[in-house]
Each structure stands twice: as structure tokens, then as C-alpha cells.
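Okay, so here's the structure we're looking at.
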Amino acid sequence: MQNNATPLTHLGTAAAHLRGLVTSEWRLARIELAKNLRAARTGIILAAVGLGGALCAMFALTGAVFLGLSALGLAGWLAALATAGVLGVIAGLCLWIGVTRLSPKAIAPTQTAAHAAKTLRIVTENTHVS
């Protein structure tokens, strides 16, 4: 048996194998991404349905509190005002806490920055660089 393969032939074969490998990996990645996006879409739809249900439950709870206060003898306007006031305070607190936790100051990686500054200081001291 005589092997007439030249280095150029070997290079072409290797390139074809590499191209096939990249193509198959790309195909698998697309299939996995499509599956994950379908799962995410289902999750978003279920979350939206859950949010709608939670809002309906909150409206029903508000009505129940209002009617309960009215049944206890409060005037209708006062029961509505008390219900709205309490729910307004709860909503305001939730909003304030949420905005506070989303501020750039709260999100900034302060521990990492402090560690990086400490490491830079130690390296500078050890190498006597100023």
C-alpha cells in the first residue's frame, strides 16, 4: 500500500473535520437554546398568569377588608379610607425597600473593589512601586 497523501491533503481533511465539529456543536447549541427558550417562554406565561391571579386575590382581599370593617360598624367611607391607607402604606414600604435594593450603591461590588484595592496595595508594597 502506498500512501500518496500530501500535507495539504491532511490539512484539508483536518479542516473538514474541524468544520464538521463546529457545525455539529453549533447545531446542538441551537437546539439546546431553542429548548431553553421554549421553557423560558412557558415560565414567563405562567408567571404572568400567576401575577394576574395574585392581583385578583389582592383586589378580593381589599374588598373583604372593606366589607369586614363596614360590618363592624364603621361608615363606608371610613372603611374604604382605612383599607386604602393600610394597603398604601404597605405598597409604599415595598416600593421604598425595592428601590433601595436596586440603587447602584447597593448593587456595586464593594467587597470586590475593596479586595482589589487591598491586593493592589500589597503588590505595590512588595514590589516597592509607587
Side-chain angles (χ1 to χ4, degrees):
M1 273 200 231
Q2 187 176 4
N3 189 357
N4 292 334
T6 64
L8 190 57
T9 306
H10 290 300
L11 188 61
T13 304
H17 286 298
L18 182 62
R19 186 174 42 248
L21 180 65
V22 169
T23 303
S24 67
E25 289 297 325
W26 177 254
R27 191 175 328 124
L28 286 174
R30 283 186 20 218
I31 290 169
E32 183 179 5
L33 184 61
K35 184 180 82 168
N36 291 346
L37 287 176
R38 279 192 302 273
R41 182 183 62 207
T42 303
I44 289 172
I45 290 169
L46 289 174
V49 169
L51 181 62
L55 287 174
C56 290
M58 189 63 164
F59 292 142
L61 179 64
T62 303
V65 169
F66 168 71
L67 291 175
L69 290 175
S70 293
L72 290 176
L74 264 103
W77 67 271
L78 189 57
L81 186 62
T83 304
V86 169
L87 290 176
V89 167
I90 292 171
L93 283 173
C94 289
L95 183 64
W96 179 68
I97 291 170
V99 169
T100 302
R101 292 191 179 177
L102 290 177
S103 70
K105 185 177 178 182
I107 295 174
T110 55
Q111 290 179 345
T112 303
H115 186 265
K118 180 181 174 184
T119 304
L120 182 62
R121 183 180 47 79
I122 290 171
V123 169
T124 303
E125 289 173 359
N126 288 340
T127 58
H128 304 291
V129 176
S130 54

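The first residue of the sequence shown is numbered 1, and numbering continues consecutively from there.
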For this session: Compare every heavy atom of Ser24 with every heavy atom of Leu21, then report the nearest pair and how far apart it is.
Result: O-OG, 2.9 Å
For this session: Could you tell me whether the side chain of Ile97 reaches within less than 4.5 Å of the side chain of Thr100, counting heavy atoms only?
Result: no
Exercise. Are Leu81 and Leu74 connected, step by step, through hydrophobic side chains (Ile, Leu, Val, Met, Phe, Trp, Tyr) whose heavy atoms are closer than 4.5 Å?
Worked result: yes
Problem set entry | Members sharing Leu95's hydrophobic cluster (side chains within less than 4.5 Å) | Val99
Problem set entry | Sub-4.5 Å side-chain heavy-atom contact between Glu32 and Leu28 | no
Exercise. Rounded to the nearest 0.5 Å, what separation is found between the CD1 atom of Ile31 and the CH2 atom of Trp26?
Worked result: 12.0 Å
For this session: Drop me the distance from Asn36's CG to Arg41's CZ, to the nearest 0.5 angstrom.
Result: 12.5 Å
Exercise. Could you state the interatomic distance from OG1 (Thr42) to CG (Leu37), rounded to the nearest 0.5 Å?
Worked result: 10.5 Å
Exercise. Would Leu61 and Leu87 show up in the same hydrophobic cluster when neighbours are defined by side-chain heavy atoms closer than 4.5 Å?
Worked result: yes
Seminar exercise, completed: When rounded to the nearest 0.5 Å, the distance separating OG1 of Thr62 from CG of Leu67 is 11.0 Å
Exercise. How close do Ala79 and Ser70 get, heavy atom to heavy atom, and via which atoms?
Worked result: CB-OG, 3.6 Å
